[in-house]
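Have a look at the structure below, then the notes.
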Protein chains: 2
Amino acid sequence: MPSRRRGEELEATILEAAWAEIRENGYQRLTVEGVAARAHTGKQVLYRRWPNRVRLTVAAIRHALGPLVPEVPDTGSLRGDYLAVLRAMAARARHYTPELLYGLLSEMPEFGGEVFATLPEVITPILRNAAARGEIPTADLPERVAALPLNLIRYEGLRSPGAWQVLDEAAADRLFAEILDQIFLPLVCRPDC
Amino acid sequence: MPSRRRGEELEATILEAAWAEIRENGYQRLTVEGVAARAHTGKQVLYRRWPNRVRLTVAAIRHALGPLVPEVPDTGSLRGDYLAVLRAMAARARHYTPELLYGLLSEMPEFGGEVFATLPEVITPILRNAAARGEIPTADLPERVAALPLNLIRYEGLRSPGAWQVLDEAAADRLFAEILDQIFLPLVCRPDC
DNA sequence: CGAATAAGAGACGATGCGTCTCTAAGTCGG
DNA sequence: CCGACTTAGAGACGCATCGTCTCTTATTCG
């Protein structure tokens, strides 16, 4: 008979079970009973740690995807840097099916804070570097402008959710290029760029 | 004893009952039983018309809010026209609580087509008028650019949902002005605008 | 006027949440 | 090394609500 698991080990098993259930059946059909069964444990063990289904799900996502904020890229150009950020975001977004994202937001609107973060920790340094290189006249952009590509990408993901799941890397890059070249760069660069 | 209702009359009563329940209790707590009770009818009468709770809700929204596409405004300037469109959209958005919007989208992702429409029927004429007046060099903008303010407003509504419900008209107008003046107009107008 | 239709009312089975209860495995202080 | 405490593992339970089914009877239509 296998020994009983505890603490970290048990917790990790449960969160991985939850994440597996989500990937296989989606969030709507995620049941606490199902997760418990898959982790070979009882419901009470889950409810001892998370107060309800939503919070369990959030914990599972965080466990599976790791920290939200990506590294600050330094590719030598504003375009390259921002592109790197968009790629990192898209990689993360690929795990959010529409059904999962909307389901979570409907039951826990404050989760939006996590999903819609403006990421100044990343964007501000990028803009400062660009200004130092002389690519843009000033790094001091209104937040709405600084986060524009970020927001547009996210909007794209909300608007045609599921799109990330089928978009190959080349197609995603084309989308990023469109947003950067048609909208963001014309808006922030000195006229001659 | 009151006579039994039928057809249009009964249907309208039901949809109004559903909408009232949504406004009072939100979508999550909308129950088919509750709607039936409020409309003084039986569940079967609802299920005879709509296959499930989501579809009933969508029907109730359409009944309450009317057609999606607003009139084409003609204020004499691109800024004024687009502002009018944004105001019309915001008026509609005010009825979508986060909980309602996300709930619907999670259970019926294709509803996004309705919520995220690019509204070319409205935007294209506006741009054509602006071009005819000489405000912009060409009316032939990429769709992504033409719909930019629309998308940003909607993103704003998704990002801080519930915000519309508390935003007074002046504050909403400030937001629209920010988006038009900082982003859209600089992007599409001839340099001297 | 008689037959067909559909309203109004509610019982029913299924599902799944969150709570509660029980036994025994593992941990820890003395 | 042992007795007390904690908590894992298992599942029963009550409750809400979905969607289906059944029944009676008012209304409509041929």
Side-chain angles (χ1 to χ4, degrees), chain A residues 1-22 24-60 63 99-100 102-108 111, chain B residues 1-22 24-60 63 99-100 102-108 111:
Chain A
M1 47 209 59
S3 69
R4 286 182 178 176
R5 300 149 300 174
R6 297 197 153 217
E8 296 274 309
E9 187 201 348
L10 177 56
E11 201 150 319
T13 308
I14 294 170
L15 292 177
E16 278 149 29
W19 185 239
E21 291 279 314
I22 289 170
E24 280 175 31
N25 303 323
Y27 175 63
Q28 306 276 7
R29 280 185 295 171
L30 174 88
T31 71
V32 179
E33 255 135 356
V35 175
R38 185 170 201 135
H40 303 291
T41 185
K43 288 207 289 181
Q44 191 58 49
V45 174
L46 310 206
Y47 280 107
R48 228 189 315 269
R49 291 174 167 72
W50 304 279
N52 53 45
R53 201 177 73 116
V54 193
R55 302 292 292 272
L56 166 63
T57 304
V58 171
H63 182 80
E99 186 266 335
L100 169 60
Y102 288 132
L104 280 179
L105 287 172
S106 74
E107 291 176 32
M108 196 183 146
F111 187 64
Chain B
M1 48 209 63
S3 67
R4 285 185 179 173
R5 299 149 300 173
R6 297 198 154 218
E8 296 274 309
E9 187 200 349
L10 177 56
E11 200 151 317
T13 308
I14 294 169
L15 292 178
E16 278 149 29
W19 184 239
E21 291 278 314
I22 289 169
E24 281 175 31
N25 303 323
Y27 175 63
Q28 305 277 6
R29 281 185 296 172
L30 174 88
T31 72
V32 180
E33 255 134 357
V35 175
R38 184 170 202 136
H40 302 291
T41 185
K43 288 206 290 182
Q44 191 58 48
V45 174
L46 310 207
Y47 280 107
R48 207 160 9 238
R49 291 173 166 73
W50 304 278
N52 52 45
R53 200 178 75 117
V54 193
R55 303 293 292 272
L56 166 62
T57 304
V58 171
H63 182 80
E99 186 265 337
L100 169 59
Y102 288 133
L104 279 179
L105 287 172
S106 74
E107 291 176 33
M108 196 182 145
F111 187 65

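Chain letters run A, B, ... following the sequence lines, proteins first and then strands; every chain starts at 1. These numbers come from a predicted model, not from an experiment.
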Between [atom2] on [N] and [atom1] on [X], what's the gap in Å once rounded to a whole number?
X: B:E8; N: D:dT28; atom1: CD; atom2: P; value: 15 Å
X: A:Q28; N: C:dC17; atom1: CD; atom2: P; value: 12 Å
X: A:L30; N: C:dG18; atom1: CG; atom2: C1'; value: 15 Å
X: A:E9; N: C:dG26; atom1: CD; atom2: P; value: 12 Å
X: B:R53; N: D:dA16; atom1: CZ; atom2: P; value: 16 Å
X: B:Y47; N: C:dG10; atom1: OH; atom2: P; value: 17 Å
X: A:L46; N: D:dG11; atom1: CG; atom2: C1'; value: 14 Å

For a quick test of reading the model, state the closest non-hydrogen atom pair linking [X] to [Y] and the distance between them.
X: B:W19; Y: B:A60; answer: N-CB, 4.2 Å
X: B:L30; Y: B:A18; answer: CD1-O, 3.8 Å
X: B:S106; Y: A:S106; answer: OG-OG, 4.2 Å

On DNA chain D, compare the nucleotides closest to B:V32 and A:R5; which residue's is nearer the 5' end? A:R5

Applying salt bridge (charged side-chain N to carboxylate O under 4.0 Å, His left out), name anything that partners B:E24, two or more places apart in sequence or on another chain. B:R38

Can you list everything that forms a salt bridge (charged side-chain N to carboxylate O under 4.0 Å, His left out) with B:R53? Sequence neighbours excluded, please. B:E107

Sub-3.5 Å donor-acceptor pair from the side chain of B:E99 to the main-chain atoms of B:Y27, do we have one? yes

Are the side chain of A:Q28 and the backbone N or O of A:G103 linked by a donor-acceptor pair below 3.5 Å? no

Run the side chain to side chain donor-acceptor pair (under 3.5 Å) test against A:T57 and tell me which residues pass, sequence neighbours left out. none

Contacts of B:H40 that satisfy side chain to side chain donor-acceptor pair (under 3.5 Å) - sequence neighbours left out: none

Please tabulate, for side-chain N and O atoms in residues 43-50 of chain B, each donor-acceptor pair with protein atoms closer than 3.5 Å (sequence neighbours left out).
unit_1	atom_1	unit_2	atom_2	d
B:K43	NZ	B:E33	OE2	3.3
B:R49	NE	B:E11	OE1	3.1
B:R49	NH1	B:V45	O	3.2

Distance from [X] atom [atom1] to [Y] atom [atom2], nearest 0.5 Å?
X: A:E8; Y: A:L10; atom1: CD; atom2: CG; answer: 10.5 Å
X: A:L105; Y: A:F111; atom1: CG; atom2: CZ; answer: 7.0 Å
X: A:H63; Y: A:L56; atom1: NE2; atom2: CG; answer: 11.5 Å

Difference in axis direction between the ends of the helix from C:dC1-D:dG30 to C:dG30-D:dC1, five pairs, 10°: 10°

Could you list, one pair per line, each protein nitrogen or oxygen that sits under 3.5 Å from a nitrogen or oxygen of nucleotides 13-15 of chain C, together with the distance?
none

On the nucleotide D:dA16, are OP1 or OP2 found under 4.0 Å from the side-chain N or O atoms that B:R29 carries? no

Hits for side chain to side chain contact (heavy atoms under 4.5 Å, CB included) against B:A39, two or more places apart or cross-chain, chain-then-number order -> B:T13, B:I14, B:A17, B:T41

Results of side chain to side chain contact (heavy atoms under 4.5 Å, CB included) for B:A37 - residues two or more places apart only: none

Write out a two-atom table: protein N or O, nucleotide N or O from nucleotides 4-7 of chain D, distance below 3.5 Å.
none

Using a 4.0 Å cut-off on heavy atoms, which residues in residues 35-44 of chain B reach DNA chain C? List them by number, or say none. B:H40, B:T41, B:G42, B:K43, B:Q44

Which residues in residues 14-21 of chain A have a heavy atom closer than 4.0 Å to any atom of DNA chain D? none

B:V54 and B:L104, any side-chain heavy atoms less than 4.5 Å apart: yes

